[in-house]
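To find a chain, count down the sequence lines: A is the first, B the second, and so on, and within it residues start at 1.
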Amino acid sequence: MPAKDSNDDPVLSQSLSVPLLISTLILMLTLVWSLYDEIYSMRPWKDYQQRFATAYLGFLERLRPEQAVREDTIKQSAAYQELQQNYEQAQQAAQEKYQALTRQMTQGVLPRIDVVRNAFQVLKSEADALTYQLETAGSDSAKQSLQEDISEIKARVVELELPKDDGSGETEHVSMSYTELETEGARLRDLRADLQRQQVAVQSPVTAAQQSREAYLQDQLYGLTPAQLDGVIARTKNFDIGIKQIHLADIDLVDRCESCHLGIREPVTIGKADLGEAVFAGHPDPDLFQIHDPEQFGCTSCHNGNGRATRSITKAHGRHKFWLWPMYQPENVEAGCHQCHSREVVTEGAEVLNAGKDLFLNKGCWGCHRFEGFDRESEELNAVRQQMKINRDEHVANEKERRRNLELGDAASENDVAQGFYGRGEALRLRNAKLDAELSALQLEEKSVSREVKKFGPSLKEARVKLRKEWIPVWVSNPHEFRPGTKMPVFRLNEDEVRAISAYVWQSGIPGTLEQHPAGNAERGQELFETRGCMACHSMGEGDTKQGGDFAANLTRVGEKTSYNFLVRWIHNPRELTPDPAAPADEIRPTPIMPNLRLSFEEARDIASYLSARRTDAAYPAADFMDDPALAQEGMTLVRHYGCSGCHEIKGMENEGRIGTELTQEGSKPVERLDFALFTHEAEGEGWYNHKGFFEHKLKDPAFFDEGKVREHLEQLRMPNFHLSDQEINSLTTFLLGSVQTQFPVTYRFEPEDSRADVQEGWWLVQRYNCNGCHQIRPGDVTSLMNVPRYKDPEWVEQLPPQLYTEGARVQPDWLVDFLTNPALSETDIHRNGVRQYLQARMPTFYLSERQVGKLMRFFMARSSQPHPFIPEDIQPLTEQEQTLARVLFTGNAAPCLKCHMTGDPARDRTATAPNFLIASERLKADWTYRWMLEPAKIAPGTAMPSELFRQEGDRWVFNGNLPAMFNSYQGDHAQLLVRYMLLITPEEVRRLRGSGVQ
Amino acid sequence: MDWHQLWVIISLPDNIPIIGLMFLIPFFTWYGLKQAFANDRLVEALEKDPELAKTHHRKAQPYKKGWAKEVHVWPYLLRIELLAAIIITAILMVWSITLDAPLEEPANPTLTMNPAKAPWYFLGLQEMLVYFDPWIAGVVMPTLIIVGLIAIPYIDENPLGNGYYTYKQRKFAIWTFIVGFIVLWCVMIVIGTLIRGPGWMWFWPGQTWDHNKLIFEVNRDLHEIFGITGRWPIAIFGGVVTAAFVAVTAFAVHKIMVLNAFSRKILDRMTLLQYLTMQILMITMLSLPAKIVARLLFRIKYIWVTPWFNV
Amino acid sequence: MLEKTTYRKVLVLSTIALFVFALGCGGGREETAATPEEKAAPAAASFTVDPATAATVTGMIAFEGTPPKAPPLNMSAEPDCAKLHGAPVFPDQVVVNDGKLANVFVWVKSGLEGKTFAPSSEPVHLDQKGCLYQPHVLGIQTNQPLSVTNSDSFTHNVHPLPTTNREFNKSQSAGAAPVEHAFPRQELKIAVKCNVHPWMRSYINVVDHPFFAVTAADGSFTIKGLPPGTYTIEAVHESLGNKEASVTVGDAESKAVDFSFTG
């Protein structure tokens with residue numbers, strides 16, 4: 001800005017108005033900008049809410065006519081019309097009486113009450129005022145005069161124009177005194193109350209009819225009624241824009257998610273596309289809100305993300321470097337369940353998470369990585385032993401203290417002092433007696449628990465008697481080549497390591513001899529293998545020809561590795577272990593998971609011969625090096641290094657620790673602590689520098705993060721490769737992501753003390769022993785056996801093991817305990833099923849500990865929400881007549897009971913196809929049996945037991961078919977009769993049945 | 001050349017001031033000096049002109065004959081300050097709108113961030129820690145800096161050159177400022193911000209800040225080079241060397257002081273106390289570059305190692 | 001990672017910081033990904049065949065080789081049944097009369113895509129007589145009523161074992177009302193069994209159009225009222241498997257398609 005004349009002093013002449021103006025304008029602009037930023041840029045949800053309001057309104061208005069049409073069709077229906085008529089009739093019936101009552105009330109009683117009350121009030125207030133003066137008056141004379149005034153008032157008579165109380169509307173002229181007014185008032189109040197009662201009574205049939213009509217409408221119409229919709233529409237029309245937030249004071253959680261996700265909790269179900277934007281969709285699983293009310297749990301507590309942030313999607317979803325709880329990706333959303341459901345191995349509805357936990361359990365991850373809850377048996381065992389030690393120490397200390405007291409007592413000069421010492425000594429002795437009792441209890445528990453401890457993999461102490469020597473190095477070098485999909489992972493071993501490890505395994509095996517068995521019939525063996533239930537856990541065949549379950553080994557090539565005699569022993573009784581002469585006497589060896597199918601030696605031989613023939617003609621190089629002790633020594637250090645003893649029982653390593661890191665809270669480990677090695681920057685660039693990315697890459701290829709590192713072979717990452725499928729990886733990732741240190745108080749976590757805890761406990765056993773390889777426990781379960789083609793054949797469907805949806809309601813707890821302990825239900829005749837002897841598949845003996853049996857029993861009872869303990873209702877005994885009736889019905893042609901059900905008569909039971917009802921009395925619960933007979937399909941879909949055996953007749957069920965004449969006189973419930981007959985059956989009755997049964 | 005890395009660093013909200021500083025400080029220094037030289041030339045011209053020299057006159061540019069020799073603060077100064085204030089406010093507004101406070105994750109006592117950096121204005125101090133024993137870098141130096149800043153007006157009593165930009169009257173002060181503030185303080189802040197990566201290691205701009213980077217670096221104490229052992233010999237040796245450094249620097253500073261008549265005059269005016277204080281401050285200040293050189297070029301950790309303190 | 005917007009903002013700010021009079025514009029917001037999906041197309045109206053152009057496919061199913069000799073049914077569990085039949089009864093699996101195979105279900109497997117046919121309201125009958133099902137193989141249209149009757153003097157239970165349709169198992173005592181049912185989905189070879197008399201077996205074939213037939217005792221079948229076109233005809237036998245043949249029929253044309261199974 002040049003001066004006007006270069007000779008003027010710029011400091012004086014130069015005007016700054018222009019720069020001042022401009023800069024001021026800029027300042028103004030920035031001010032405006034800051035306001036805009038404050039109001040819009042920083043509050044994007046406002047825009048969302050406007051968009052939602054319009055879109056939602058449109059949606060509702062599209063929806064309303066559809067619902068209206070539906071409602072009309074229902075209203076046209078005969079049933080509704082009838083209800084409507086009932087309503088109108090009731091109304092008409094009531095109308096007259098009701099109107100009369102109302103008239104009397106409005107024109108008679110109420111106005112009369114007013115007049116009386118007013119008149120009475122005037123007198124009363126005057127009297128009250130005087131009474132006060134009387135109370136406070138000084139002299140007796142004053143009191144005297146006041147008293148007179150009061151009685152004067154009370155005596156005064158007032159003239160009133162009173163409306164008649166009959167509601168005629170006429171008035172009457174009456175004169176009343178104070179007391180009369182009082183009584184009249186009381187009378188009228190009673191009258192009013194009485195009239196109101198009458199009104200209600202008269203109106204009640206009307207309201208009842210109306211309610212039943214509305215109930216019908218609600219019941220018939222899916223979704224909201226037009227009336228309700230109008231409510232929603234009205235609400236949406238004047239939608240108030242503002243932060244929608246959930247605040248949970250106790251955990252200081254503030255979730256504003258619903259400021260943008262506005263459809264989440266709407267009463268109308270909103271699809272992803274319904275409002276044009278997915279952000280406005282309703283929650284995909286609204287039923288969850290029944291048990292996880294957002295008002296109680298918020299959103300981020302399950303989904304993660306930054307509930308407070310409202311400035312951008314990135315911030316709100318916590319997809320931000322510095323937000324430690326980024327929102328779970330859709331495929332991992334169930335990770336959020338674990339932090340509160342960490343006690344469960346099966347969480348209803350969280351199938352991905354469950355799959356993850358199942359993998360962690362049944363791929364043996366816990367062999368190397370500690371995870372709270374997995375392999376708790378061994379931890380409990382340690383706890384018990386610890387307690388026992390404490391116990392013993394205290395015992396010794398007490399004993400010492402006691403001796404000292406006695407000595408002091410002996411030495412004491414005074415008698416009473418001596419007595420004191422002796423007394424203390426005595427107390428200590430008693431204390432020790434108590435300790436002894438505790439100790440023996442603990443010893444029992446120790447015994448019980450030590451029976452439960454299991455290693456994940458097979459015991460290598462058996463290697464020598466079990467395995468083919470040359471096979472071991474082949475297997476160790478790459479198990480997945482020999483047996484695709486096996487649980488044994490592929491370790492990063494070089495040739496020498498393979499040789500050394502094999503040598504150690506071979507030489508550490510217990511040298512033992514097996515009983516020699518003659519060859520069996522392989523054909524029968526195959527039949528048995530496929531029908532006895534082996535395939536519930538084991539699979540046969542590879543690729544597309546694969547059949548059977550994945551819980552245990554695939555036996556396609558088992559003949560190449562296992563010796564025949566071992567197979568026989570193993571199949572006959574897996575709990576029979578090769579005795580180790582070198583082992584200490586009190587050694588407790590972990591037992592294998594494989595249960596005992598109670599097969600005869602003959603059957604065992606047949607199966608073994610079949611399995612021994614499962615082999616290819618693969619050549620195995622000789623492996624003499626495996627006898628080299630020096631090599632074995634090397635092998636031992638390697639076996640330690642690679643943590644083999646985490647899964648296998650190995651001689652000399654019974655008490656090795658785990659080599660992996662604990663994963664219980666891996667999900668909340670700072671991401672900086674996850675070793676991305678040389679991939680840190682790549683990961684940051686590609687956006688997988690987070691837990692999800694780490695887990696997924698690690699699981700896909702455990703050696704991944706060694707890439708590019710220069711390391712000694714033994715310094716490399718040790719985790720072996722499990723060759724997991726992408727789906728499995730996702731499940732495990734979900735599980736690990738969820739394994740966090742929860743910030744929630746106990747009240748939020750699902751750690752019930754009641755019977756629900758039994759359910760949680762039970763699932764661990766169910767998963768551990770693969771109960772659902774044979775049994776369906778949850779609706780929709782598909783067991784391994786169901787997938788075996790043989791069981792798809794109509795001849796075989798009924799050969800599937802029973803469904804256990806309502807097992808707890810069906811059987812009595814005590815019986816269940818006996819059954820689980822000994823499924824043969826017999827000490828002598830053990831090669832059979834206790835209940836369903838017609839089933840080829842056999843319920844095995846799992847040698848469960850008392851604790852486990854109890855847990856399982858309570859699990860089933862709790863799942864069918866049965867009271868515990870169970871007190872059976874006593875069944876009303878049958879009269880002679882009922883007895884005969886029942887027997888006739890039971891054995892007659894009409895009711896085919898005996899056609900299928902066993903009676904214990906060997907001749908008939910061969911063709912029987914249903915359980916032995918002679919054990920019903922100790923096995924079944926009466927109420928369940930009743931429901932079962934009425935509608936079996938409701939309890940066990942696809943059962944052989946037909947429905948519609950009974951038809952309802954009034955309030956009783958009668959047999960659905962032509963009955964003998966003698967029934968005409970019987971008025972009782974036929975199903976009930978049969979239940980009582982079965983549950984009260986006596987031995988002589990049984991004999992009679994066997995006689996008459998077959999005809 | 002890792003452009004992404006470079007961009008991440010310079011775009012970090014915390015680093016914006018430093019980026020600004022890198023350009024603004026040189027600019028304003030240059031601008032100030034420009035004015036100073038102009039004024040000095042003016043003064044010279046005026047002194048040559050006897051009749052003007054007789055009268056009082058304005059020493060600051062712009063000036064022409066006949067112009068007012070003094071102008072009032074209001075409105076001539078204040079209106080300019082107002083303008084400046086407005087502009088600065090505007091900048092701050094925009095800044096606060098566009099850049100959020102650089103918040104990070106909740107502090108985790110079990111996890112230290114790497115690199116762990118002080119606020120930008122302290123990064124100079126943090127950088128000093130590399131060269132000095134924490135006691136000196138963290139306590140002595142900062143104290144001396146503050147004390148020194150307080151002391152300046154008591155050391156420099158020269159009334160000339162007040163109230164206007166001049167180089168002639170303030171050569172010594174200006175150079176001290178340029179060395180002490182710009183070179184030592186600002187440059188170290190810039191280093192601490194842009195150059196120091198994970199593990200406080202030296203990364204040239206555009207190098208990837210790799211947490212796995214390892215560098216081989218043996219830092220020896222001076223006496224180790226000379227193979228002196230034993231507690232006392234080391235202490236004495238270190239003391240001697242340090243003393244020598246002090247002597248040399250003091251001498252150098254003195255030489256500068258007596259370089260020309262003007263500064264000699266100033267020196268004469270100084271009391272002994274003033275002189276000593278100034279010397280101490282100057283020596284301490286100059287010990288920093290000395291130490292930087294020793295450290296970065298010769299990988300020398302400590303010069304003077306004693307049981308109580310290290311220098 | 002820092003947000004993209006922050007980068008833009010940083011850019012803005014640095015320019016402003018350097019050139020005081022530069023004006024900036026900043027602040028942005030990510031957009032939501034909203035992908036509206038189109039609604040499903042309405043169901044097509046049911047197709048009616050013009051009787052003038054309706055074509056017919058007839059055929060004969062032969063059986064080569066010797067029919068397998070199955071052991072007679074063991075009805076001992078239900079003596080009344082045994083009484084009903086004088087001679088021992090043989091299963092109806094492979095019924096061959098002089099080289100012709102009965103009880104084969106023949107249907108139009110493909111060629112009718114995109115056409116939907118209204119189900120016939122005419123019920124299909126399945127009778128239980130002498131512990132046997134009459135007929136042994138039957139075809140039925142989706143949603144066409146099936147009526148199962150019991151002509152025996154004792155109780156049976158009707159238990160079809162479908163895989164895609166819904167399974168049911170109803171007891172039917174002598175002289176009880178017929179069991180009514182309709183299968184909503186197409187499914188071949190639904191085995192029907194009676195748990196009381198395990199040897200009883202019948203196969204229901206549910207097809208979503210009316211163009212099917214079951215070969216008579218002489219092995220012949222006729223599919224009437226076909227709209228002209230090219231079709232794949234399939235012959236389905238419970239134990240001998242399936243055979244396919246392709247046929248093209250013009251207006252009111254009648255073609256013969258023969259199959260032959262080997263034992």
Side-chain angles (χ1 to χ4, degrees), chain A residues 3 5-38 41-42 306 309 311-312 315 318 320-326 668-673 675-682 684-685 705 708-709 743, chain B residues 2-5 8 12 58 60-73 75-114 197-198 207-213:
Chain A
D5 172 352
S6 65
N7 288 333
D8 300 6
D9 181 347
V11 180
L12 305 182
S13 60
Q14 188 181 68
S15 148
L16 281 182
S17 43
V18 177
L20 266 171
L21 179 67
I22 295 173
S23 51
T24 321
L25 284 179
I26 293 171
L27 189 59
M28 286 304 142
L29 274 175
T30 55
L31 189 67
V32 175
W33 184 8
S34 65
L35 287 175
Y36 176 86
D37 191 58
E38 184 64 25
S41 314
M42 285 170 67
N306 183 353
R311 282 188 55 179
S312 78
K315 282 180 177 151
H320 188 287
K321 185 180 178 187
F322 296 120
W323 189 252
L324 297 181
W325 306 274
S668 41
K669 190 186 252 185
V671 71
E672 292 83 351
R673 295 267 165 83
D675 183 11
F676 281 79
L678 299 179
F679 289 91
T680 315
H681 283 270
E682 190 180 321
E684 273 173 340
F705 292 106
K709 299 285 271 184
Q743 323 107 300
Chain B
D2 186 343
W3 292 106
H4 176 260
Q5 176 73 65
V8 169
L12 201 67
R58 177 155 134 199
Q61 284 287 20
Y63 176 74
K64 276 205 180 133
K65 216 183 253 168
W67 285 0
K69 73 176 185 252
E70 276 160 351
V71 294
H72 291 295
V73 165
Y76 301 113
L77 174 59
L78 283 183
R79 64 182 188 182
I80 293 174
E81 290 180 343
L82 174 69
L83 181 59
I86 292 172
I87 292 166
I88 293 302
T89 322
I91 295 174
L92 287 177
M93 294 268 275
V94 176
W95 188 329
S96 59
I97 293 168
T98 47
L99 283 189
D100 295 339
L103 290 180
E104 296 188 358
E105 66 199 50
N108 176 353
T110 67
L111 184 78
T112 326
M113 63 194 294
N114 184 13
Q207 255 182 320
T208 309
W209 285 15
D210 186 350
H211 290 69
N212 304 301
K213 181 182 182 182

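For B:Asp2, no part sits under 4.5 Å from any heavy atom of chain A, backbone or side chain. Both the backbone and the side chain of A:Ser34 have a heavy atom closer than 4.5 Å to some heavy atom of chain B. Contact annotation for A:Leu12: both backbone and side-chain heavy atoms come within less than 4.5 Å of a heavy atom of chain B.
Ring-plane geometry between B:His211 and A:His681 is classed as tilted, the angle between the planes lying from 30 to 60 degrees on a 0 to 90 degree scale.
Between B:Pro106 and A:Leu324, the closest side-chain pair of non-hydrogen atoms falls below 4.5 Å. Between B:Thr110 and A:Arg673 there is a side-chain heavy-atom pair separated by less than 4.5 Å.
Chain A forms the most heavy-atom pairs under 4.5 Å with one residue out of B:Leu83, B:Thr89, B:Leu103, B:Asn114, and that residue is B:Leu83.
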Please evaluate residues B:Asp100 and A:Lys315 with respect to the criterion side chain to side chain contact (heavy atoms under 4.5 Å, CB included), reporting the C-alpha separation (whole Å), side-chain torsions for both, the decisive distance (0.1 Å), and the verdict.
CA-CA 13 Å; B:Asp100 295 339; A:Lys315 282 180 177 151; 3.2 Å; yes

